[in-house]
Amino acid sequence: MTLGMTDAERELIATRRQKRDALVALRQNPYANGVTAKNTAAEIEAAHASEGRVPKELDKTKTYSVAGRVMFHRSFGKATFLKVKDRSGIIQGYAKQDVLPEADFKAFEQLEMGDIVFIEGHPFRTKTGELTIEATKLQVLTKALRPLPDKWHGLSDHETRYRQRYVDLIVNPEVAAAFRARTHVVSAVRRILDDQEFLEVETPSMHTLIGGAAAKPFKTHHNALDLELFMRIAPELYLKRLLVGGFERVYEIARCYRNEGLSTRHNPEFTMLEYYWAYRTYEDLMSFTEVMLRKIDAALKQAMPAEHAKWLSERPFTIDEPFARVPMAEMVKRAASKTEIPQWVDAVKNGGEGLVAILKTDFGAQIKEWAKSSPRAKKLDWGNFRQGMNKCDNDGERLFSCYEYLVEPYLTDDYRSADGSKSLPVFVKDYPYETSPLARKNDANPSLVDRFELFVHGRELCNAFSELNDPDDQADRFRAQVDRKAKGAEETMDFDEDYVRALEHGMPPAAGFGMGIDRLAMALTNAPSIRDVILFPLLRKEG
RNA sequence: GGGAGCGUAGCUCAAUUGGCAGAGCAAAGGACUCUUAAUCCUUAGGUUGACGGUUCGAUUCCGUCCGCUCUCACCA
């Protein structure tokens with residue numbers, strides 16, 4: 001797969017150039033402009049839907065015109081069927097020598113698959129009942145110099161699909177559908193928030209400090225200011241400054257950049273929705289999240305009913321039932337019991353406090369014994385769990401690590417719909433404060449913060465919390481971050497003095513919410529890879 | 001970054017133990033005025049990702065590199 005062409009490819013293109021030249025010789029512009037069709041394929045189809053799929057004579061009382069790409073071409077010499085694809089769908093055309101003007105038919109003989117055409121004529125239905133436009137006018141609007149991929153097998157090579165997305169979109173309707181779905185999702189998000197009197201804003205995507213998330217940034221440089229800049233990893237701190245400024249409900253659909261590994265769930269640039277809502281708590285946002293996801297899915301259903309039905313039937317989770325809402329510590333206790341490791345089960349029975357104590361010291365020697373307790377215990381990722389626990393500095397991080405290795409891999413198994421057929425989205429709530437430097441401490445238990453993450457079919461989709469608005473507490477947490485960086489931690493935040501100054505002016509009590517738009521689009525369209533919902537995913541340089 | 005796999009015609013895929021690199025679609029020429037993966041006759045199309053090695057002989061075996069896919073780690 002390179003940009004270099006083989007002789008065979010050059011030949012195919014040369015042939016098409018000859019046909020283009022033939023059009024010019026016939027005084028037709030192979031890149032004509034200013035031609036507008038009066039109809040779309042779907043419109044014409046809809047106008048005749050009541051007829052049913054039965055043969056029907058040519059109806060000269062009706063005239064339609066469509067423009068689009070020729071996806072199919074079958075010639076009988078003096079008559080030809082072709083299928084034209086426009087933004088709405090596909091419709092068949094029929095060109096007969098004795099109907100078309102002579103000049104049109106001559107030009108038509110130069111037409112082939114992939115060209116963009118204009119066709120005008122009267123409708124009829126073929127003997128198999130397919131609605132077809134018999135052309136009285138036909139013009140090549142744009143000559144295509146490259147052939148389309150195989151009409152039956154299409155284009156399946158992943159690399160070519162990503163690198164030449166334009167071809168992917170032409171020949172793979174389900175690919176185009178996923179991207180249309182993404183657009184509908186984004187506009188539904190906007191509509192839902194706008195209806196709640198949110199203000200959509202745009203904040204900087206080039207930052208002088210790293211903040212708002214734990215991630216490695218991309219670096220860039222401004223020449224005139226001679227300024228080192230970081231591409232934003234999250235819009236959070238700017239949006240909360242706007243809460244201080246009196247915008248009580250703000251959101252941004254923000255492209256973020258993180259200089260980390262690529263995977264089926266991670267692209268270096270991705271889109272995040274963040275909103276901040278004054279005088280609301282994280283508990284309020286859980287309810288709103290359920291409502292929002294259902295509304296988004298409903299909007300998708302309305303916009304793309306046929307595709308949505310397919311996605312819904314194949315969807316391994318359901319959003320119709322109330323989502324589970326479980327404190328992280330509770331989830332760890334449940335999951336620990338399920339391992340049937342006797343010491344863990346005892347610790348859980350005694351209130352669960354002892355569990356972290358058991359795991360606090362290196363448990364490498366006990367893994368062998370523990371793993372025998374149950375099939376589930378055997379399957380745990382013991383190596384990484386042990387390593388992760390050993391890296392923890394405090395019990396909060398240990399609880400989080402337990403959650404990661406004992407709970408998260410089993411979310412889709414442990415949390416099911418009422419009839420057990422689908423997985424149920426889970427709000428994991430009440431995080432240890434050490435893992436959440438921007439979240440508000442829980443009033444009853446200051447070792448926790450008022451935070452949740454939403455997991456849909458085992459994948460993290462949302463992250464939200466009641467916002468920390470105590471400037472002194474925030475300053476302390478920034479300092480802790482800076483200390484960790486000094487000790488070598490890579491993904492920590494900088495101390496943002498201006499943000500603390502803003503908090504000192506008083507930020508109204510608020511809850512904030514983040515959601516990966518790419519991941520939401522994946523979830524709703526059953527996309528196995530984030531690259532299926534990002535039009536041009538990052539790839540290595542071609543060639 | 002670690003591990004596994006893949007790379008053959010424009011597209012989708014074959015190729016026996018290492019023995020002349022093939023098919024369908026697309027393309028070119030011809031027949032055909034209701035096709036639905038149209039049909040029939042004819043033709044052309046290849047640096048088998050790149051470089052090197054083993055061999056009389058490499059798409060096939062070995063090494064290096066490039067690219068992609070999956071997966072693990074980091075993360076959303």
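Order of the sequence lines sets the chain letters (A, B, ...), proteins ahead of strands, with each chain counted from 1. Computed from heavy atoms alone, side chains included, the values below leave out hydrogens, waters and symmetry copies.
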Every protein N/O within reach of nucleotides 22-24 of chain B N/O, cut-off under 3.5 Å:
| from | atom 1 | to | atom 2 | distance (Å) |
| --- | --- | --- | --- | --- |
| G24(B) | N2 | Asp150(A) | OD2 | 2.7 |

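If you take atom P in U60(B) and the same atom in C70(B), they sit 26 Å apart, rounded to whole Å. Using atom C1' as the reference point in both G2(B) and G45(B), the two lie 42 Å apart (nearest Å). Annotation: A4(B) and C11(B) have their P atoms spaced 29 Å apart (nearest Å). The C1' atoms of C74(B) and C6(B) are separated by 26 Å, rounded to the nearest whole Å. One C1' atom belongs to A44(B), the other to G10(B), and the distance between them is 14 Å to the nearest Å. U36(B) and G29(B) have their P atoms separated by 23 Å, with the value rounded to a whole Å. Distance noted for atom P between G22(B) and A15(B): 14 Å (whole Å). When the C1' atom is used for both G57(B) and G19(B), the distance is 7 Å, rounded to whole Å.
Residue contacts for Asp381(A): at a heavy-atom cut-off of 4.0 Å it reaches the sugar-phosphate backbone alone, with no base atom in range. Here Thr264(A) lies in heavy-atom contact (under 4.0 Å) with sugar-phosphate atoms only. At a threshold of 4.0 angstrom between heavy atoms, the contacts of Asp98(A) include nucleobase atoms, whether or not backbone atoms are also involved. When heavy atoms are screened at a 4.0 angstrom cut-off, Gly516(A) is found touching no nucleic acid atom at all. Using a 4.0 Å heavy-atom cutoff across all strands shown, Leu12(A) reaches at least one base atom of the nucleic acid. Using a 4.0 Å heavy-atom cutoff across all strands shown, Gln92(A) reaches at least one base atom of the nucleic acid. Using a 4.0 Å heavy-atom cutoff across all strands shown, Asn267(A) reaches at least one base atom of the nucleic acid. As judged by a 4.0 angstrom heavy-atom cut-off over every strand, Arg265(A) is placed among the base-contacting residues. When heavy atoms are screened at a 4.0 angstrom cut-off, Gly514(A) is found touching no nucleic acid atom at all. Nucleic acid contact class of Ala214(A) (heavy atoms, under 4.0 Å, all strands): sugar-phosphate only. Residue-level contact check: Phe124(A) touches the bases, meaning some heavy atom is under 4.0 Å from a base atom.
We find that CD of Glu274(A) is positioned 12 Å from P of A76(B), with the value rounded to whole Å. Rounded to whole Å, atom C1' of A27(B) lies 14 Å from atom CG of Leu145(A). Computed from coordinates, the Lys56(A) NZ to C34(B) C1' distance equals 16 Å when rounded to whole Å. Remark: C1' of G1(B) and CZ of Arg540(A) are 11 Å apart, rounded to the nearest angstrom. Taking atom NZ of Lys216(A) as the reference point, atom P of A73(B) lies 14 Å away to the nearest angstrom. When the P atom of G30(B) is taken as reference, atom CZ of Phe76(A) falls 18 Å away, rounded to whole Å. Distance Leu155(A) CG to A26(B) C1': 14 Å, rounded to the nearest Å. Regarding Gln387(A), its CD atom lies at a distance of 12 Å from the C1' atom of C74(B), rounded to whole Å.
Of the candidates C72(B), U36(B), U33(B), the closest approach to any side-chain atom of Thr126(A) belongs to U36(B). If you check C74(B), U36(B), A28(B) against the side chain of Lys83(A), the one that comes closest is U36(B). When the nucleotides A76(B), C68(B), C32(B) are ranked by their closest atom to the side chain of Arg531(A), C68(B) comes out on top.
A salt bridge links Arg451(A) with Glu453(A): the closest approach of a Lys/Arg side-chain nitrogen to an acidic carboxylate oxygen falls below 4.0 angstrom. A salt bridge is defined here as a Lys NZ or Arg NE, NH1 or NH2 lying under 4.0 Å from an Asp or Glu carboxylate O, and Arg146(A) with Glu9(A) meets this definition. One finds a salt bridge joining Arg386(A) and Asp362(A) here, because a Lys/Arg side-chain nitrogen approaches an Asp/Glu carboxylate oxygen to under 4.0 Å. Between Arg398(A) and Asp393(A), no side-chain nitrogen of the basic residue sits less than 4.0 Å from a carboxylate oxygen of the acidic one, so the salt-bridge criterion is not met. No salt bridge links Glu491(A) with Lys485(A); every basic N to acidic carboxylate O contact stays at or beyond 4.0 Å. Classification of Glu112(A) and Lys143(A) as a salt-bridged pair holds, one side-chain N sitting under 4.0 Å from a carboxylate O.
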- What one-letter contact string describes nucleotides 39-48 of chain B from 5' to 3', where B marks a base within less than 4.0 Å of any protein heavy atom, S marks contact via sugar-phosphate atoms alone, and - marks no contact? -----SS---

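Each ring-ring contact (aromatic ring centres under 6.0 Å, His included) pair with one or both residues in residues 96-128 of chain A, not counting sequence neighbours, appears once here: Tyr94(A)-Phe124(A), Phe105(A)-Phe108(A).
Checking the phosphate oxygens (OP1, OP2) of U12(B), a side-chain nitrogen or oxygen of Ser156(A) falls inside 4.0 Å. Checking the phosphate oxygens (OP1, OP2) of A27(B), no side-chain nitrogen or oxygen of Lys19(A) falls inside 4.0 Å. Taking only side-chain nitrogens and oxygens, Asn384(A) never comes nearer than 4.0 Å to OP1 or OP2 of C72(B). The phosphate of A27(B) (OP1 or OP2) has no side-chain N or O of Arg16(A) nearer than 4.0 angstrom. The phosphate of A76(B) (OP1 or OP2) has no side-chain N or O of Arg519(A) nearer than 4.0 angstrom. Considering only side-chain N and O atoms, Lys151(A) lies under 4.0 angstrom from the phosphate OP1 or OP2 of A26(B). For Arg163(A), no side-chain nitrogen or oxygen approaches OP1 or OP2 of G67(B) to under 4.0 Å.
Side-chain N/O atoms of Arg182(A) and Thr271(A) include a donor and acceptor closer than 3.5 Å. Of the N and O atoms on the side chains of Asn463(A) and Tyr431(A), not one donor lies less than 3.5 Å from an acceptor on the other residue.
Centroid-to-centroid, the aromatic rings of Phe363(A) and Phe385(A) come within less than 6.0 Å.
Residue Ser529(A) is the one, among Ser529(A) and Ala213(A), whose nearest nucleotide of RNA chain B lies closer to the 5' end (criterion: closest heavy atom). Both Tyr94(A) and Leu538(A) lie near RNA chain B, and the one whose nearest nucleotide falls closer to the 5' end is Tyr94(A).
Annotation: Arg484(A), atom CZ; neighbour count of heavy atoms from other residues, nucleotides and ligands within 6.0 Å does not exceed 12.
Judged by Watson-Crick or G-U wobble contacts below 3.5 Å, the nucleotide G24(B) has C11(B) as its partner. Both distances falling under 3.5 Å, in either a Watson-Crick or a G-U wobble arrangement, occur for no nucleotide opposite U36(B). In a base pair of the Watson-Crick type (N1 to N3 plus N6-O4 or O6-N4) or a G-U wobble (N1-O2 and O6-N3), with each distance short of 3.5 Å, G5(B) is matched with C68(B).
With respect to Asp115(A), the salt bridge (charged side-chain N to carboxylate O under 4.0 Å, His left out) criterion is satisfied by exactly one of Lys85(A), Arg16(A), Arg69(A): Arg16(A). The ring pair (Phe, Tyr, Trp, His ring centres under 6.0 Å) test with His207(A) singles out one residue from Tyr257(A), Tyr238(A), Phe230(A), and that residue is Tyr238(A).
Geometrically, Arg165(A) does not engage Phe536(A) in a cation-pi contact, judged by NZ or CZ lying under 6.0 Å from the ring centre and within 45° of the ring axis.
Scanning atom types as modelled, one donor and one acceptor separated by under 3.5 angstrom connect the side chain of Glu130(A) and the base of U36(B).
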